Undergrad: 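The structure that follows is given in the form of structure tokens.
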Amino acid sequence: YHHYTIGKVMKKIYFILIILASCIKVNAQQVDPLKENMTFDIDNLGDGKITMSMTYNASQWDNFQKIYGSNALNLLKRQMERSLPAYYLQDWDYKEDAANRTYTLSFQALGLAKIDDNGSWVIDLDQKKPDITKMSDRNYAMTTTYNSYGVLVQELIKINLPDGAGNVTQDKNAFGKAIFTYELSPAHKGSRWIFLSLAALLIAAGIVLYLKPDILAMGKHKVKPFTVVSSQTAPAAVITPEPPANPNIEKQA
């Protein structure tokens with residue numbers, strides 16, 4: 001199984017957006033940039049909800065409508081599934097805001113974060129020295145502006161770590177590319193105390209059984225053993241002997 005990183009996911013989505021941009025006719029004097037927003041919401045299982053939106057100017061929006069029209073969701077979904085074959089994608093949602101000439105596509109991608117050998121969660125951005133802004137202990141943003149096939153694109157990427165994530169560190173891997181590492185209990189907040197309580201109860205129960213191994217037998221009613229009835233041989237049939245013949249009958253004959 002090939003593991004994709006968030007950076008690779010972004011590259012795949014960039015490719016789709018470049019295709020979209022190349023399909024849109026842009027006036028040579030047009031300097032209005034395409035505004036691209038992406039959000040990665042990571043949950044406590046390492047799965048992520050990806051939300052991407054694009055904002056166009058009037059002419060770009062008209063071209064987008066001509067190309068995709070009412071079939072935009074199916075076309076974008078097909079492109080995402082072909083570009084991200086290593087993920088199971090689900091829960092698709094597509095919305096359009098015609099007043100602001102914006103569309104928003106969101107879906108679930110399983111396995112965006114993974115656990116390393118030290119038990120920490122790792123998100124690989126697959127970028128060297130990205131411009132990262134810390135919004136809070138669990139929320140980060142990356143901004144960039146680039147030119148794609150003559151189209152100026154302003155990009156904003158947000159990464160939201162799950163609730164309960166702690167010891168978040170911005171680091172780099174062996175190839176010098178940026179990564180996020182964080183610690184997270186395997187379940188919801190507060191469940192750690194439940195696990196500790198259950199462990200303490202199990203330990204106490206084990207000590208009691210060790211010191212008093214017969215405690216389980218106390219209070220049980222004695223049950224009489226089953227009476228085994230041996231099979232009996234049926235009595236032999238009594239045969240009544242026939243009376244001897246009357247000798248006088250032969251003499252009379």
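Predicted model only: the values in this text are computed from it and were never measured.
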Undergrad: With side chains defined as the heavy atoms from C-beta onward, is the minimum distance between Thr51 and Lys158 less than 4.5 Å?
TA: no
Undergrad: Could you give me the CA-CA distance, side-chain angles and deciding distance for Ile42 and Tyr182, then say whether side chain to side chain contact (heavy atoms under 4.5 Å, CB included) is met?
TA: CA-CA 12 Å; Ile42 312 299; Tyr182 60 94; 3.8 Å; yes
Undergrad: Can you confirm if the aromatic rings of Tyr103 and Tyr68 lie within a centre distance of less than 6.0 Å?
TA: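 That pair fails the under 6.0 Å test.
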Undergrad: Going by the rule side chain to side chain donor-acceptor pair (under 3.5 Å), which residues pair with Thr102 if we only count those two or more places apart in sequence or in a different chain?
TA: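 With sequence neighbours excluded, Thr102 shows a side chain to side chain donor-acceptor pair (under 3.5 Å) to Thr55, given in chain and number order.
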Undergrad: Would you call the rings of Tyr56 and Trp61 parallel, tilted or perpendicular, where under 30° means parallel and over 60° means perpendicular?
TA: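 Ring orientation, 0 to 90° scale: tilted.
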Undergrad: Taking all atoms of both residues into account, what is the closest heavy-atom pair of Gly48 and Gln108, and its distance?
TA: O-OE1, 3.4 Å
Undergrad: Roughly how far apart are Asn160 CG and Ser136 OG, rounded to 0.5 Å?
TA: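 It is 8.0 Å, given to the nearest 0.5 Å.
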Undergrad: Looking at every heavy atom in both Leu89 and Ala109, which two are closest together, and how far apart are they?
TA: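 Minimum heavy-atom contact is CD2-CB, 3.7 Å.
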Undergrad: For the residue pair Gly46 and Trp121, what are the closest heavy atoms and their distance?
TA: CA-CZ3, 3.6 Å
Undergrad: Suppose we screen for side chain to side chain contact (heavy atoms under 4.5 Å, CB included). Which residues come up paired with Ser120, at least two apart in sequence or across chains?
TA: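 Scan of Ser120 (side chain to side chain contact (heavy atoms under 4.5 Å, CB included), adjacent residues dropped) gives Asp116, Glu183.
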Undergrad: What's the shortest heavy-atom distance between Leu184 and Ala165, and which atoms?
TA: CD1-N, 3.6 Å
Undergrad: Report the residues that fulfil side chain to side chain contact (heavy atoms under 4.5 Å, CB included) with Lys134, sequence neighbours left out, ordered by chain and then residue number.
TA: Asp137, Tyr140
Undergrad: Measure the shortest side-chain to side-chain distance between Gln65 and Glu96 over non-hydrogen atoms and say whether it is less than 4.5 angstrom.
TA: yes
Undergrad: Counting C-beta onward and ignoring hydrogens, is there a side-chain heavy-atom pair between Ile159 and Met142 closer than 4.5 Å?
TA: yes
Undergrad: With a 3.5 Å distance limit and no angle check, can you tell me whether Asn57 reaches the backbone of Gln60 through a side-chain donor-acceptor pair?
TA: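 Such a contact is found between Asn57 side chain and Gln60 backbone.
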Undergrad: Looking at Leu110 and Gln90, what are the two nearest heavy atoms and their distance?
TA: CD2-NE2, 4.0 Å
Undergrad: Any link between Ile67 and Leu105 through a network of hydrophobic side chains (Ile, Leu, Val, Met, Phe, Trp, Tyr) touching at under 4.5 Å?
TA: yes
Undergrad: Looking at Asp163 and Arg138, is there a salt bridge between them, counting it only when a charged N and a carboxylate O are closer than 4.0 Å?
TA: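 A salt bridge links Arg138 with Asp163.
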Undergrad: Hey, does the side chain of Asp47 reach the backbone of Gly111 with a donor-acceptor pair shorter than 3.5 angstrom?
TA: yes
Undergrad: Do Trp92 and Met80 come close enough that some side-chain heavy atom pair is under 4.5 Å?
TA: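 SC-SC contact between Trp92 and Met80 confirmed.
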Undergrad: Kindly compute the distance separating NZ (Lys35) from CE (Met54), expressed to the nearest 0.5 Å.
TA: 11.5 Å
Undergrad: Less than 4.5 Å apart, any side-chain heavy atom of Lys95 and any of Asp93?
TA: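 Touching, per the 4.5 Å side-chain cut-off.
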Undergrad: Phe180, Ile115: one ILVMFWY side-chain cluster at the under-4.5 Å cut-off?
TA: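 Looking at the clustering, Ile115 is in the same group as Phe180.
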Undergrad: Taking C-beta and beyond as the side chain, do Ile123 and Leu112 meet within less than 4.5 Å on heavy atoms?
TA: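 Contact flag for Ile123/Leu112 side chains = no.
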